[in-house]
Amino acid sequence: MSLSPAATVPTPPLAGRAVGGGGSPVGDILAVTARPEVINFAGGLPARELFDAEGIAEAFRAVLAEQAPRALQYATTEGEPALRGALAGRMTARGLATEADDVLVTTGSQQGLSLVAQALIEPGDTVLVESPCYLAALQVFAFAGARIVPVACDDDGIDPAALEELVVRERPKFLYTVPTFQNPTGRTMTADRRREVARIAARRGLWIVEDDPYGELRFAGERLPWIASLPEAADRTVLLGSFSKVMAPGLRLGWLRAPRPLRAACALVKEGTDLHTPTVNQLAAARYLADNDLDAHVARVAAVYGTRRDALLAGLPDALPAGSTWTTPQGGMFVWARLPEGHDTAALLRTVVGFDVAYVPGAPFFAGRPDHGTLRLCFVTQTPDEIAEGLRRLEKGFAAAAG
């Protein structure tokens, strides 16, 4: 006998972690940036016109012509051996001795971050993050039930004294850092700070999760070593990487390098999440690396990005209110700006988008007390001419908001 509609009982509620985080505080406003007339400094998208679309297409054609049954079949959770070997070779060439078995292929580095969180965090555990911090990392840690504590930072990255004080007081499970061309600030942690962070982790018993999605996009200065390559941190650092910013984000290919026990735990979590990253994408990426010079391609992309950064920096003095400050990144995709005291970039955005230009307010990037006068600008998606026009619109928007 079935119940009538009037007698039905409500379904159980959603899990608290699925509803507790709320929505984006600027989501409704940023929805208008989908309009083609909007010059969008808000996104974090690589320049699509710089994708090596033909090279990637040829890699897929070759894989499907030569090994279609394998490419279209299930695969191991850890990833295709050819791709893991190629990734290990690239890391070894950059000063971090790596074997294929040290690598777990992930569905984008975002999945790698989620796997680490699920493997390490018990509800209520403390996680330390930079201030400000990559927004999606804050979401991952919140979903895992972590207590998120920000570490004070300056232009050189994490303040070691502040870090050690927090480690002693809070007994965190791990520190999450994007040391090179950080999102959202664009800053890079100095070599000395990297060594200090590694020493603190070794001395106090701490995991380090080192996220490096932007490190290859350098257009000025000298490359710095991964924290994972420092002797003090070798047994306690997870290194996350991605092809999203250097090959194509639509491939959804990332990787995780970690000490064996943690890597095995992450593989077990991944098995229960998606079984494995798509086989055909992995084989195509491995074929692309075998047939093409990815480093030369990245160098061309980085050169273009450097020109676009320069265009943005050249226009900021006129576009932003007098007294504003901003970062000067040596690579990556972002410039971080701070307006003078009394400005609220979320409130200002409501007026600015009316001039067909957009940015991301900085407040959501903070795990602790937010700085409402900050904003993030992505400089890689538009051409220099489009950037100049976008900054003219931004200047008008701020002027209109000021009345």
Side-chain angles (χ1 to χ4, degrees), residues 43-94 96 98-113 115 211-219 223 239-257 267 270-271 273-305 331-333 380-381:
L45 305 180
R48 61 185 180 182
E49 73 273 14
L50 299 180
F51 295 153
D52 182 9
E54 182 51 38
I56 294 171
E58 180 54 38
F60 273 95
R61 285 192 290 266
V63 165
L64 290 171
E66 298 169 13
Q67 45 184 329
R70 179 181 175 190
L72 301 177
Q73 186 56 279
Y74 287 112
T76 61
T77 299
E78 290 76 10
E80 281 296 320
L83 182 57
R84 296 170 75 198
L87 292 169
R90 290 179 65 80
M91 283 183 269
T92 299
R94 286 157 175 74
L96 179 58
T98 303
E99 302 292 335
D101 285 345
D102 297 328
V103 180
L104 172 67
V105 177
T106 60
T107 306
S109 63
Q110 186 69 25
Q111 185 189 56
L113 188 57
L115 298 178
D211 201 354
D212 188 39
Y214 312 104
E216 294 195 56
L217 298 174
R218 178 177 286 279
F219 39 77
R223 183 184 178 277
L239 179 64
L240 302 176
S242 174
F243 282 135
S244 291
K245 306 304 187 293
V246 298
M247 192 180 292
L251 292 173
R252 304 311 303 133
L253 286 174
W255 57 90
L256 178 158
R257 182 196 185 277
K270 179 174 171 61
E271 183 178 320
T273 302
D274 66 355
L275 294 182
H276 65 85
T277 297
T279 314
V280 64
N281 292 11
Q282 293 189 62
L283 290 175
R287 182 61 177 257
Y288 183 90
L289 292 173
D291 292 350
N292 299 274
D293 187 343
L294 179 61
D295 292 335
H297 170 69
V298 172
R300 290 190 292 270
V301 171
V304 174
Y305 285 1
M333 300 172 60
V380 305
T381 311

Item to check | Working for side-chain contact (heavy atoms from CB on, under 4.5 Å), residues Leu64 and Val280 | outcome: CA-CA 8 Å; Leu64 290 171; Val280 64; 4.1 Å; yes
Checklist entry - Can His276 and Thr107 be said to form a side-chain contact (heavy atoms from CB on, under 4.5 Å), step by step? => result CA-CA 8 Å; His276 65 85; Thr107 306; over 6 Å; no
Checklist entry - Could you go step by step and tell me if Thr273 and Gln111 meet the side-chain contact (heavy atoms from CB on, under 4.5 Å) rule? => result CA-CA 10 Å; Thr273 302; Gln111 185 189 56; 4.0 Å; yes
Item to check | Chi angles and distances behind the side-chain contact (heavy atoms from CB on, under 4.5 Å) call for Phe51, Met247 | outcome: CA-CA 7 Å; Phe51 295 153; Met247 192 180 292; over 6 Å; no
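Listed here is the closest heavy atom pair of Ile56 and Ala248: CD1-CB, 4.0 Å. Across all non-hydrogen atoms, the minimal contact from Gly332 to Val380 is O-CG1, 3.9 Å. The two residues Leu251 and Asn281 come nearest to each other via the heavy atoms O-ND2, 3.0 Å. Taking both residues in full, the closest heavy atoms of Ala285 and Phe243 are given as CB-CE1, 4.2 Å, listed atom of the first, atom of the second, then distance.
Listed for the Asp212 side chain is no donor-acceptor partner under 3.5 Å among the backbone atoms of Leu240.
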Could you go through residues 98-105 and list every donor-acceptor pair under 3.5 Å that involves a side-chain atom there, pairing it with any protein atom two or more places apart or in another chain?
{"unit_1": "Thr98", "atom_1": "OG1", "unit_2": "Leu96", "atom_2": "O", "d": "2.8"}
{"unit_1": "Thr98", "atom_1": "OG1", "unit_2": "Arg257", "atom_2": "NE", "d": "2.8"}
{"unit_1": "Asp102", "atom_1": "OD2", "unit_2": "Glu99", "atom_2": "N", "d": "2.8"}

Could you tabulate the donor-acceptor pairs under 3.5 Å formed by side-chain atoms of residues 43-50, not counting sequence neighbours?
{"unit_1": "Glu49", "atom_1": "OE2", "unit_2": "Arg308", "atom_2": "NH1", "d": "3.1"}
{"unit_1": "Glu49", "atom_1": "OE2", "unit_2": "Arg308", "atom_2": "NH2", "d": "2.7"}

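Once rounded to the nearest 0.5 Å, the distance linking CG of Asp274 with CG of Leu115 reads 8.0 Å. Here the straight-line distance linking atom CG of Leu113 with atom OG1 of Thr106 works out to 10.0 Å at 0.5 Å rounding. In this structure, CG on Asp211 lies 5.0 Å from OG on Ser109, to the nearest 0.5 angstrom.
Listed by first then second residue, pairs satisfying side-chain hydrogen bond (donor to acceptor under 3.5 Å, both in side chains) with a partner in residues 73-84 read Arg70-Glu80, not counting sequence neighbours. Among residue pairs with one or both ends in residues 282-296, those qualifying as side-chain hydrogen bond (donor to acceptor under 3.5 Å, both in side chains) are Asp52-Tyr288, Glu66-Arg287, Arg90-Asp295, Arg94-Asp295, Arg287-Asp291; sequence neighbours excluded. Listed by first then second residue, pairs satisfying side-chain hydrogen bond (donor to acceptor under 3.5 Å, both in side chains) with a partner in residues 296-305 number zero, not counting sequence neighbours.
In the model, Ser244 has a side-chain atom that pairs as donor or acceptor with a side-chain atom of Arg252 under 3.5 Å.
Side-chain atoms of Lys270 and Leu275, non-hydrogen and from C-beta on, never get closer than 4.5 Å to each other. When side chains are defined from C-beta on, Thr277 counts as touching Leu253, because their heavy atoms get closer than 4.5 Å.
Lys245 pairs by the salt bridge (charged side-chain N to carboxylate O under 4.0 Å, His left out) definition with nothing, not counting sequence neighbours.
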